[in-house]
Protein chains: 2
Amino acid sequence: MEALAALADPTRRQIVSLLAAGERGAGELAGQFPVSRPAISRHLRVLREAGLVQVRVEGQRRVYALDPAPLSELDAWLAPYRRLWAQRLDALDTEIARGRRARTQEDGR
Amino acid sequence: MEALAALADPTRRQIVSLLAAGERGAGELAGQFPVSRPAISRHLRVLREAGLVQVRVEGQRRVYALDPAPLSELDAWLAPYRRLWAQRLDALDTEIARGRRARTQEDGR
DNA sequence: AACGTACGTAACTGGACAGTTAATTAAGGA
DNA sequence: TCCTTAATTAACTGTCCAGTTACGTACGTT
């Protein structure tokens, strides 16, 4: 779950989003952001260390590509919690089906 | 996506995991960790501000409960990426089914 | 060989954050 | 009322991290 820390930064999430559309060179990525190129380089390093991106050296260019594996891992981490909001929606359905009577009783506070 | 930053900390993830099994008092939670109670109090505050937990004051106890809404939001954020590893698996399936012939044609990049 | 381009790394700065101990608020019980 | 218990808040410290500028390295071109 090292990916969570990497994805906690909005710039890095945006990089991931860009790479989801296809691979890009480092400079090409850096051009999309208001921060300096070294800053993007560091972000890419964090993403690389988290396994979220992979680099391919192509002449003097570095081409970055998204590796979805950690996202899949995150998805798997999330899985056991899924029943929680599914259940809540079920409860809501029940509520609606009942015509939403006697609400104050279970509302609490 | 503020939840990502909150979930980046392993202690907080564990708190979330504990609360998934049912609500608990603050001290009850603190007892599960090797850090001080104020530290847990701060973690709970971060989780509260991220909307991941809710407190209910019950006498002099604070009972914390998980609110799955931000997890659901995270799930939604993850959704568009899902095709990436699904596709990879599909490609693998296809690959196997076809006996691995004529590969370059459909790769498309 | 010399130069320009494309990145990365080094060194530093400011701000955020997790942890600690000590003080504060609030609820029960003697 | 006084004391204990439960928990948060305050104040402080150390560490990590994102950003900057400056420098280093490697590839390609002339």
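Just so it is clear: chains get the letters A, B, ... in the order the sequence lines come, proteins before strands, and each one is counted from 1.
Side-chain contact between A:Arg56 and A:Arg61: absent, with no pair of heavy atoms (C-beta onward) separated by less than 4.5 Å. By the 4.5 Å heavy-atom criterion applied to side chains, B:Leu7 and B:Leu52 are counted as neighbours.
We find that CZ of B:Arg61 is positioned 11 Å from C1' of D:dT5, with the value rounded to whole Å. Between the CZ atom of A:Arg42 and the P atom of D:dC23 there is a distance of 18 Å, rounded to whole Å. Between B:Leu47 atom CG and C:dC17 atom C1' the separation is 14 Å, expressed in whole Å. One can place CZ of A:Arg56 at 17 Å from P of C:dA6, the figure rounded to the nearest angstrom.
Along DNA chain D, the nucleotide nearest A:Glu58 and the nucleotide nearest A:Ile40 are compared for position; the residue whose nucleotide lies closer to the 5' end is A:Ile40.
The stretch residues 23-37 of chain B touches DNA chain D through B:Ala26, B:Gly27, each having a heavy atom under 4.0 angstrom from the strand. Residues of residues 2-12 of chain B that place a heavy atom closer than 4.0 Å to DNA chain D do not occur.
Residues passing the side chain to side chain contact (heavy atoms under 4.5 Å, CB included) test with B:Arg24 are B:Leu18, B:Leu19, B:Ala21, B:Glu28, B:Leu29, sequence neighbours excluded. Taking the side-chain hydrogen bond (donor to acceptor under 3.5 Å, both in side chains) definition, one finds that A:Gln54 meets it with A:Asp67, sequence neighbours left out. Scored by the side chain to side chain contact (heavy atoms under 4.5 Å, CB included) test, A:Ala30 finds A:Arg37, A:Ile40 as partners (sequence neighbours excluded). A:Arg45 pairs by the salt bridge (charged side-chain N to carboxylate O under 4.0 Å, His left out) definition with A:Glu49, not counting sequence neighbours. By the side chain to side chain contact (heavy atoms under 4.5 Å, CB included) test, A:Ala39 is found to be paired with A:Val35, A:Ser36, residues two or more places apart in sequence or in another chain being considered. In this view, B:Glu73 satisfies the salt bridge (charged side-chain N to carboxylate O under 4.0 Å, His left out) rule with no residue, not counting sequence neighbours. With sequence neighbours left out, the salt bridge (charged side-chain N to carboxylate O under 4.0 Å, His left out) criterion links B:Asp75 to A:Arg82, B:Arg82.
Pairs engaging residues 7-19 of chain A under the salt bridge (Lys or Arg N to Asp or Glu O under 4.0 Å) rule: none recorded [sequence neighbours left out]. Residue pairs meeting the ring pair (Phe, Tyr, Trp, His ring centres under 6.0 Å) criterion with at least one member in residues 38-80 of chain B, sequence neighbours excluded: B:Trp77-B:Tyr81.
For the OP1/OP2 pair of C:dG19 and a distance below 4.0 Å, the side-chain nitrogens and oxygens of B:His43 include at least one atom meeting the criterion. For A:Tyr64 and C:dA6, the shortest distance from a side-chain N or O to OP1 or OP2 is not below 4.0 Å.
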Below 3.5 Å between N/O atoms, which protein atoms pair up with nucleotides 24-27 of chain C? Just atom names and distances, please.
none

